[in-house]
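Let me begin by presenting the structure, written as structure tokens, before commenting on it.
Position 1 is the first residue of the sequence, and the numbers go up from there. Heavy atoms only: backbone and side chains are in, while hydrogens, waters and symmetry mates are out. In listed order, ligands and their atoms are each counted from 1.
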Amino acid sequence: MSKPSNLSLLGLDRNELSDLVSGAGQPGYRVSQIIDALYRQRAQDLDEVTTLPADLRLRLQQDGFSIGAPLVDKKFVSEDGTVRYLMTFADGESAETVWMPEGDGGEAGDGSEAGEAAESASPRAAGRSTICISSQVGCAVDCKFCLTALLGVKRNLTAGEIVGQVCAVLKDQRISPPADRINLVFMGMGEPFLNYDNFMKAVRLLVENVGLAERRMTVSTAGIVPRIQDFGREEIRPKLAISLNASNDLVRGQLMPINRKWNLERLISAARAFPLRNREYVTFEYVLLGDVNDDVSNAKEVAELLRGLRCKVNLIALNPGPGIDFVTPSPGRVLAFQDTLRAAGIPAYIRRPRGRDIYAACGQLKRTLESPSAQPSLHSISPAAPR
Ligand code: SAH
């Protein structure tokens, strides 16, 4: 009787593949062939991998292996070019992945990479596109302004499912790193630092096998302090972003229950102790919620908190959604907040919302099964402050 096909080749590293290949009595060069098929050809089915002999493919299938690539179940294209993918995994669970052509996935395009501006002169503005990937199905952190929170957490994604999202988008967009340079942000559904081992394994696979550069990746955390410390000790790691979102414990505790476990003092101490590399910053994200955390007095508190830290702040005016009881601040208030930070010597950027019309912007990922037309129209919502 054949075993069910529920083991995934995507997500195995070189050592694990070596064990598999030698266990099947095959020569070592098969490992590179499998890696090439998984990460460069991005095969969907073992039968497509004709570089491998038929008996090895059969053996792998009999042992329960498949490639394990997520299926692109739905694809929503925004008027600004952003694409939101609904990806389905082997067990039927799904998560969302976002493609942002030409910058501003949070890190690119915010002025921090001015030295790389020349790249945008190349035909496809290589080096400026960004993929935003999910680390969990849903999220347990329960931030009060985020749509993903309404789902709760279903499960962690495996390393293969995290890498598989990237491969699926690269395949669909016909992009081939490292020739095409892209940015990657772990800022989709879920809290990467609550799925730390799978997240880090995915990072290593993306660097070693997919050809992405660690300095073009950023992970964002809601503030899981012990994992920030572990992360600082990693040899290969993305840049660090922290979702600050409030200027004092009172407000942060109400917006982000996680603050009751690791308060601002512990969070900011961890950020201060974080071992930064040459020319590296910690990024703080700050979602501006009208009349909740967007006052100039809050900006002054933020400046105080971050004083002396090598950092920058990305301001995000609230992206609204059904069931989210906050309002988007006026452009004037967003600008005043930015000005206050800048006057205090803190680099602050206003993040341009991407794909709001298809629910692809920050905090809007929700495993939406309906088509965007079934969702309330967002066209009437005023955009965030001009950049
Ligand atoms: N869980 C991680 C990774 C997700 S990043 C984290 O919290 O950092 C998603 C970013 O979008 C976070 O900075 C979050 O604060 C922000 N965000 C969440 N809901 C939002 C909303 N409704 N509007 C704008 N930004 C939002």
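The number of heavy atoms from other shown groups lying within 6.0 Å of CG (D325) does not exceed 12.
Atom 15 (O) of ligand 1 has as its closest protein heavy atom N245 ND2, 3.0 Å. The nearest heavy-atom contact from the protein to atom 13 (O) of ligand 1 is S243 OG, 2.7 Å. Looking only at heavy atoms of the protein, atom 3 (C) of ligand 1 is closest to S220 O, 3.4 Å. For atom 9 (C) of ligand 1, the nearest protein heavy atom (residue, atom name, distance) is M187 O, 3.7 Å. Nearest protein heavy-atom neighbour of atom 23 (N) of ligand 1: N319 N, 2.8 Å.
Residue contacts with ligand 1 for E285 involve side-chain atoms from C-beta outward but no N, CA, C or O (heavy atoms, distance under 4.0 Å).
Between D230 and R227, at least one side-chain nitrogen of the basic residue sits less than 4.0 Å from a carboxylate oxygen of the acidic one, meeting the salt-bridge criterion. With salt bridges taken as basic N to acidic carboxylate O contacts below 4.0 Å, one links R59 and D63. Here R204 does not pair with E214 in a salt bridge; the nearest charged N to carboxylate O distance is not below 4.0 Å. Using a 4.0 Å cut-off between charged side-chain N and carboxylate O, R155 and D91 make a salt bridge.
Residue-ligand proximity, E191 to ligand 1, at heavy-atom distances under 4.0 Å covers atoms 1 (N), 2 (C), 6 (C). The ligand atoms of ligand 1 that sit less than 4.0 angstrom from a heavy atom of A222 are 6 (C), 7 (O), 8 (O). Interface of T221 with ligand 1, defined as ligand atoms under 4.0 Å from a residue heavy atom, comprises 6 (C), 8 (O). Atoms of ligand 1 lying under 4.0 Å from any heavy atom of I316, numbered from 1 in the order shown and given with element: 24 (C), 25 (N). Within ligand 1, the atoms closer than 4.0 Å to a non-hydrogen atom of C146 are 18 (C), 19 (N), numbered from 1 in the order shown.
Using 4.0 Å as the threshold, G188 has a heavy atom nearer than that to some atom of ligand 1. Using a non-hydrogen distance threshold of 4.0 Å, V287 registers as a contact of ligand 1. Judged by the shortest distance from any of its heavy atoms, G190 lies inside the 4.0 Å radius around the atoms of ligand 1.
Here the shortest heavy-atom distance to atom 24 (C) of ligand 1, taken over P192, G363, C362, belongs to C362.
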If you look only at distance, which donor and acceptor atoms sit under 3.5 Å apart when one is on a side chain in residues 139-148 and the other is two or more places apart or in another chain?
unit_1: D142; atom_1: OD2; unit_2: K144; atom_2: NZ; d: 2.8
unit_1: T148; atom_1: OG1; unit_2: L365; atom_2: O; d: 2.5

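A cation-pi geometry, defined here as NZ or CZ lying under 6.0 Å from the six-membered ring centre and within 45° of its normal, holds between R342 and Y349.
At under 3.5 Å, not a single nitrogen or oxygen of L318, backbone or side chain, sits near a nitrogen or oxygen of ligand 1. Between A317 and ligand 1, no pair of N/O atoms sits closer than 3.5 Å.
Partner of E96 under the salt bridge (Lys or Arg N to Asp or Glu O under 4.0 Å) criterion, out of K75, K74, R84, K366: R84 alone.
Of all heavy-atom pairs between N319 and C362, the closest is ND2-O, 3.1 Å.
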Report task. List the steps, then state whether side-chain hydrogen bond (donor to acceptor under 3.5 Å, both in side chains) holds for D295 with N298. Result -> CA-CA 5 Å; D295 197 77; N298 299 119; over 6 Å; no
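Applying the ring-ring contact (aromatic ring centres under 6.0 Å, His included) test to pairs two or more places apart or on separate chains, those with a residue in residues 285-306 are Y286-F337.
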